[in-house]
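Since the structure comes first, as structure tokens, the remarks are kept for the end.
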Protein chains: 2
Amino acid sequence: MTAEAPSPRRGRPPGTTARALELIALQLFTEQGFDETTIEQIGTAAGVSRRTFFRYYDSKAAVLWDDFEGEVERLRAAFARVPYDVPLMDAIREVVVGVNRYRAEDVPELRTRMRLISSVPALQASAAPHYDRWERAVGDFAAARLAQPADSLYPLTISRTTLAACRAAFDHWLARGDEDLTSYLDLALRALITGFSDMLTTG
Amino acid sequence: MTAEAPSPRRGRPPGTTARALELIALQLFTEQGFDETTIEQIGTAAGVSRRTFFRYYDSKAAVLWDDFEGEVERLRAAFARVPYDVPLMDAIREVVVGVNRYRAEDVPELRTRMRLISSVPALQASAAPHYDRWERAVGDFAAARLAQPADSLYPLTISRTTLAACRAAFDHWLARGDEDLTSYLDLALRALITGFSDMLTTG
DNA sequence: TTGTTTTCGTCACTTGGTGACATTAACATT
DNA sequence: AATGTTAATGTCACCAAGTGACGAAAACAA
């Protein structure tokens, strides 16, 4: 997972890379649709068999979630660095917004990936376990701060609503991409923290 | 959907009912697991072929969501009856809590159904389109109140976080079923509306 | 040259889901 | 009583996702 030791390179060398499969799949999905793309096609384009694809990814949809899992790790790492004097909800907002700052060169791929996820039913369905791990990262932090078990009502509610606000920001960013993603995230999370009280007058 | 007219009963009579298939599936799922139950088994138990099952339900998981779709309709109907002077977030809380009052006799089935949905990955994945319609019901109401398009950031955020809070209440109710479901729903939604400000002191 | 190791390819199989088409069982008509 | 119409079912064929088993290829080491 971290740095690769200078492994003595035993055995048959891999015929492709997870990243290569991801890029090929991403292109085929956008070109001809997710459901219309078979794993056979992805494998062929990568010069590898269908069976080998499933050795790199557990499912056809998993290709789209590789980067997301990395974000979950960054999320946990960022929470671990938050000072104790930062209020709970402010800490969550700052961490979540901070983790979701992307380099300009990475934005196009992020956009096509998120557009696929939010438009293809089969991909929306595949989101559940990944969202769950994301929520768990937030929930563990909230539970520790509140000195409550992670499955208590408040940590659960905080983590779930936080993700919900972020998804709203993402979807709005996809629909009207005139603004920066982080602005929308910050807006949505601030609305969440204030209990949607400000928008009733400024709305 | 409503009352059935005294239809002249043309054609071959149905060999089963959607409700019958639902009950049989629910029992088999709890007894031997969702993934371990084939549609062939459900059909056989109902005295009907595999193909016929798919004429009643679009997928194996759809059986668990029939009642939920009814709740979405009740949700929309309840929103339509809310007076204009009730504040937005209060209206949402009251409507959502009100719609989720179940008769004591219906609670056991609700419990097993929700337990299945929250524990089986394949069923969690199947939730997406139904959650989407539920959110849309809330979002349309919020959008109308805020005089904004339904895909604006705030209506989106409100509807998504509302469902998120409800799901937290449901899951906590499943894990620790000592209290009433509506109490948890009310607690979670009040926490959402206050921006989680009260729990920081009351812990 | 002979192992050892790692990855890959082939094959067989189950299951979910779909389309096409014949078939059954009711009622209506003549 | 025979025939037609209608609605639901059954059968069949098919595709694609995913999985397990097992042998083969490709590297390096001894």
Side-chain angles (χ1 to χ4, degrees), chain A residues 1 4-22 24-25 28-29 32-66 116 120-129, chain B residues 4-22 24-25 28-29 32-66 116-117 120-129:
Chain A
M1 288 300 178
E4 297 173 1
S7 62
R9 276 235 146 276
R10 294 285 294 247
R12 174 174 177 169
T16 182
T17 315
R19 175 65 176 162
L21 288 173
E22 180 183 351
I24 291 173
L28 290 177
F29 291 166
Q32 58 187 25
F34 178 82
D35 294 321
E36 289 73 22
T37 303
T38 70
I39 299 182
E40 184 72 38
Q41 294 178 12
I42 303 175
T44 301
V48 97
S49 79
R50 192 174 72 99
R51 190 64 178 88
T52 295
F53 174 89
F54 285 109
R55 294 199 176 95
Y56 284 85
Y57 291 103
D58 290 337
S59 70
K60 184 179 172 184
V63 174
L64 277 288
W65 293 100
D66 234 4
L116 275 170
V120 179
L123 289 175
Q124 294 176 10
S126 71
Chain B
E4 296 172 1
S7 62
R9 276 238 145 276
R10 293 287 291 247
R12 175 174 177 169
T16 183
T17 316
R19 176 63 176 164
L21 288 173
E22 180 184 351
I24 290 175
L28 290 177
F29 291 167
Q32 57 187 26
F34 178 81
D35 293 320
E36 290 72 24
T37 302
T38 70
I39 298 181
E40 184 74 38
Q41 295 177 13
I42 303 175
T44 301
V48 98
S49 78
R50 193 173 74 99
R51 191 64 180 88
T52 295
F53 174 89
F54 285 109
R55 293 201 175 94
Y56 284 85
Y57 291 104
D58 290 336
S59 71
K60 183 179 172 183
V63 174
L64 277 291
W65 293 100
D66 233 3
L116 275 170
I117 289 175
V120 178
L123 289 174
Q124 294 175 11
S126 71

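What you see is a predicted model; the values in this text were computed from it and never measured. Proteins get letters first, then strands, A, B, ... in listed order; numbering begins at 1 in each.
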Separation of C/dG16 P from A/Lys60 NZ (nearest whole Å): 18 Å

Whole angstroms only, please: what is the CZ-C1' distance between B/Phe54 and D/dA8? 17 Å

Out of the candidates B/Ile39, B/Val63, B/Ile42, only one should pair with B/Leu21 under the side-chain contact (heavy atoms from CB on, under 4.5 Å) rule; please name it. B/Ile42

How close or far is atom C1' of D/dG18 from atom CD1 of A/Ile39, stated in whole angstroms? 8 Å

If I take atom CZ in residue B/Phe29 and atom P in nucleotide C/dT15, what distance separates them, rounded to the nearest angstrom? 14 Å

To the closest 0.5 Å, what do you measure between OG1 (A/Thr37) and NZ (A/Lys60)? 6.0 Å

Kindly say whether B/Thr16 contributes a backbone atom to a donor-acceptor pair with the side chain of B/Tyr56 at under 3.5 angstrom? yes

Double-helix bend of the helix from C/dT1-D/dA30 to C/dT30-D/dA1, axes at both ends from 5 pairs, round to 10°, gives 30°

Across nucleotides 5-13 of chain C, 5' to 3', mark each nucleotide with B, S or - according to how protein heavy atoms within less than 4.0 Å reach it. BBBBBB---

Shortest non-hydrogen pair, B/Ala18 vs B/Tyr57, comes out as O-OH, 2.9 Å

Residue pair A/Gln41 / A/Glu36: nearest heavy atoms and the distance that separates them: NE2-O, 4.1 Å

Are any side-chain N or O atoms of A/Ser59 and backbone N or O atoms of A/Ala62, one a donor and one an acceptor, separated by less than 3.5 Å? yes

Tightest non-hydrogen contact, residues A/Trp65 and A/Leu123, listed as CZ2-O, 4.0 Å

Rounded distance (Å) that lies between atom P of C/dT14 and atom CG of B/Asp35: 17 Å

Which whole-number value in Å describes the distance from B/Glu36 CD to C/dT15 C1'? 13 Å

Interatomic distance where CD belongs to B/Gln41 and C1' belongs to C/dG16 [whole Å]: 14 Å

Closest heavy-atom pair and its distance - B/Pro129, B/Ser126: CD-O, 3.5 Å

